There are 4 protein chains.
Amino acid sequence: MKKESKTQEAIVEAAFALIGRHGLKNTSLSMIASEVGISKPAIYYYFSSKEELVDYLFHLVFDGHHFSAYFSIEEYTKKNFKKRLIADGIRYFEEYKHNSPALKVVHEFVLSAAHSPRYEKKLKAMVEHFLEGFDSLLSYGVELGVVSSENTSVNAHTLALIIDNLGNFMILGIEIDYKKIWETAVSNAMKGSETY
Amino acid sequence: MKKESKTQEAIVEAAFALIGRHGLKNTSLSMIASEVGISKPAIYYYFSSKEELVDYLFHLVFDGHHFSAYFSIEEYTKKNFKKRLIADGIRYFEEYKHNSPALKVVHEFVLSAAHSPRYEKKLKAMVEHFLEGFDSLLSYGVELGVVSSENTSVNAHTLALIIDNLGNFMILGIEIDYKKIWETAVSNAMKGSETY
Amino acid sequence: MKKESKTQEAIVEAAFALIGRHGLKNTSLSMIASEVGISKPAIYYYFSSKEELVDYLFHLVFDGHHFSAYFSIEEYTKKNFKKRLIADGIRYFEEYKHNSPALKVVHEFVLSAAHSPRYEKKLKAMVEHFLEGFDSLLSYGVELGVVSSENTSVNAHTLALIIDNLGNFMILGIEIDYKKIWETAVSNAMKGSETY
Amino acid sequence: MKKESKTQEAIVEAAFALIGRHGLKNTSLSMIASEVGISKPAIYYYFSSKEELVDYLFHLVFDGHHFSAYFSIEEYTKKNFKKRLIADGIRYFEEYKHNSPALKVVHEFVLSAAHSPRYEKKLKAMVEHFLEGFDSLLSYGVELGVVSSENTSVNAHTLALIIDNLGNFMILGIEIDYKKIWETAVSNAMKGSETY
DNA sequence: TATGAATGAGATTTCATTCAT
DNA sequence: GATGAATGAAATCTCATTCAT
């Protein structure tokens, strides 16, 4: 837990806010500096380049973005499984509603990964981490006897796909019944479903 | 329907390719001009600003991105409904695999939409158009008697959410069983599913 | 003979003058631009970077700096050999007196070669070219029978060393009898000289 | 003779090494500080500006660069004159071969002198000091009867010119017969040489 | 239709320097 | 004696845009 100076914190916070608002490329060090109320070179005292600042934000964001931060498998029981999964999911994507700068920056990274090999690998790893998270969770449900053993993996990935995109839709301000969609998805995933 | 000159076509094509590869902000008019083999000011003969060129691409992309271009409701029958829906969906997201410039540019616009009110509305409209497309399709399935009448709307939106994100995952190169996921999603959507 | 625009010529000329006066590192594109009376980016229309501009000057300077430009061996005869060699040498280093920007820039390159591998090789080649030039000239003198055949190479190199440094001393404004020194050096070189 | 602290010595040494390697303008206080392992402002405790540090180096270098440091006239005798002069000269320019930081810095100052009136005078003085040194030495040789009394001054200056440039050529890595050239030059200077 | 030439604005970055502690 | 924190000035370079031709 390295101690950050007030200024460094302010830089990071301003960067988050501005990148969330204007995007990665549209946020200049000048903007950050003037938002914080310091001079441009002051940023270089804390980060040796814009790239390094962005990297720092990237890690800050993704290091806190673990599957287990939202879905703590060890607290799931036979009895609370469904309720818990539904509640955790809702908690997850409702964060988007509050428009937290961090989540907007995640969004920014996710989308810019398409033409930035720098982040592509990390991001892919993060998505795969979530896929595996749901895999483990459903497998545990199978053990508990509350989740169908058929197609577990496909169902897990479907949940990941849905919850991820619910966040994206929320950012866009699409009005759909988020909770019901998630509840239904969880139900389907648990009951298993034979294909045609 | 204004007639496009060869040069204009070339500009648009180059812009598509470059933006798909490097992103909106990282693609400069110089890059486009030199890709086409013309001078920078020549672009201004066809588009009065970079913004206008981007707008043009935006419309080009989204005007061709109709729900009905992929799912032609009038060809769905009681008998072929499921098969058809599965097949059309697969056709849709497999386009991503082929890396078509247009789709990459859609992705890019989604990115910009997050911090550009200019595109936000249009994009939202497009997403809603897809949501309604699936709504209509499933409603038609209800009429035909092949789709459960319960929760139709939620199921339709779930399909939209899934198919949209399958494309995103494909761009990232995530290896999951795309087809099986889609098949299962269609099955669930058609059979309806009571919630807990 | 590529046609240079007026502006390009002006840039090159200003660069010569300013680098001669302030040195390579102390001459900025801003200085050049404002000397020429154009904007900074205008320079980039002609040279894609400062490095390229400097390279251009480098070649301009050294491509005209051939041994044969000062000492045209084919005009040397048995009768005029000494007189000619003395006169050509004087003509060579007297150019320094007139303080031509180009010569100052040569000086700049020569000295900065010490920590710029970029120019080191080229410069070494140029110096060696002059060494060989004097070698050939004296050898020709041997053939003509006006130059001693002993130690020809050592004597040639001595001439090169002296004439080169006479220029440097002139730039510094050292007051010595340049002509007499050169005459004596030529005499010694021609007569040959046994070592102790 | 102010006492230098360990830190000051380290600063000076690092400055020597870095300036020798990268040049005056390319060596920043940051580089020096980090080479020494201290903070940037620490340098300001010892030198009130970069200019002052450079001045200090300048004097350090030139105060040790006396003619008499290499050629101690009082040890020359009728018998050892030539041998001694040759040997001292060789010792002088062979220092260049060992790449001593101090000599590289001299070279650097010569470079700066061309466009820095600050050093020009000092440097000129130093060169003149060497010219006079050889003048005195040869005059002493005349007194001893081992040096021709004709053209003594011209011959002295020629020696200065040659030995100075031998060092420059060495830095560039030019491969010539340094020793033979110097021996011959000494011979010629002592024997005197009538001009044409 | 198209280009050569040029520009203002602004981006990232480096440097010598200062000052309170 | 020495440092952490900060700054003004300036450097190189890019970009969208303009305009006469």
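Values in this document were obtained by computation on a predicted structure and should not be read as measured data. Order of the sequence lines sets the chain letters (A, B, ...), proteins ahead of strands, with each chain counted from 1.
Between chain D and DNA chain F, the heavy-atom contact criterion of under 4.0 Å yields a 5' to 3' nucleotide range of F:dG1 to F:dA5.
Side chains of D:Glu35 and D:Glu13 form no contact here, defined as non-hydrogen atoms less than 4.5 Å apart. Taking the side chain as every heavy atom from C-beta outward, A:Lys122 and A:His59 approach each other to under 4.5 Å. A:Phe62 is not listed as a side-chain neighbour of A:Leu57, based on a closest heavy-atom distance of 4.5 Å or more. In this structure, the side chains of B:Tyr56 and B:Tyr46 stay at 4.5 Å or more apart for every pair of heavy atoms. Between C:Leu53 and C:Leu29 the shortest side-chain heavy-atom distance falls below 4.5 Å.
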Can you tabulate the close N/O pairs, meaning under 3.5 Å, that link protein atoms to atoms of nucleotides 13-15 of chain E?
{"from": "E:dT13", "atom 1": "OP2", "to": "A:Tyr44", "atom 2": "OH", "distance (Å)": "2.8"}
{"from": "E:dT13", "atom 1": "OP2", "to": "A:Lys50", "atom 2": "N", "distance (Å)": "2.9"}
{"from": "E:dT13", "atom 1": "O5'", "to": "A:Tyr44", "atom 2": "OH", "distance (Å)": "3.2"}

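The separation between B:Tyr45 atom OH and E:dT1 atom P is 5 Å, rounded to whole Å. Atom CG in A:Leu24 sits roughly 14 Å away from atom C1' in E:dA11 (whole-Å rounding).
The nearest pair of heavy atoms linking C:Tyr119 to C:Val54 is OH-CG1, 2.9 Å.
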Tell me, what's DNA chain E's dot-bracket, Watson-Crick or G-U with both distances under 3.5 Å, | for other-strand, [ ] crossing? .||||||||||||||||||||
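Each side-chain hydrogen bond (donor to acceptor under 3.5 Å, both in side chains) pair with one or both residues in residues 18-30 of chain D, not counting sequence neighbours, appears once here: C:Lys25-D:Asn26, C:Asn26-D:Lys25.
The salt bridge (charged side-chain N to carboxylate O under 4.0 Å, His left out) test applied to C:Arg118 returns C:Glu51, C:Asp55, not counting sequence neighbours. Qualifying side-chain hydrogen bond (donor to acceptor under 3.5 Å, both in side chains) partners for A:Tyr44, counting only residues two or more places apart in sequence or in other chains: none.
Place D:Lys25 and C:Ile43 on DNA chain E by their nearest nucleotides, and C:Ile43 ends up nearer the 5' end. Nucleotides of DNA chain F nearest to D:Thr7 and A:Ala42 differ in position, and the one nearer the 5' end is that of D:Thr7.
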Before giving the answer on side chain to side chain contact (heavy atoms under 4.5 Å, CB included), spell out for A:Ile38 and A:Ile11 the whole-Å C-alpha distance, their side-chain angles and the decisive distance to 0.1 Å. CA-CA 9 Å; A:Ile38 56 175; A:Ile11 290 170; 3.9 Å; yes
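Remark: the separation of the C1' atoms in E:dT1 and F:dT21 is 12 Å, to the nearest Å.
Using a distance-only test at 3.5 Å, with no hydrogens or angles considered, no donor-acceptor pair links the side chain of C:Glu108 to the main chain of C:Gly23.
Among the atoms of the strands shown, only primed sugar atoms or phosphate atoms (P, OP1, OP2) are found under 4.0 Å from some heavy atom of A:Tyr46.
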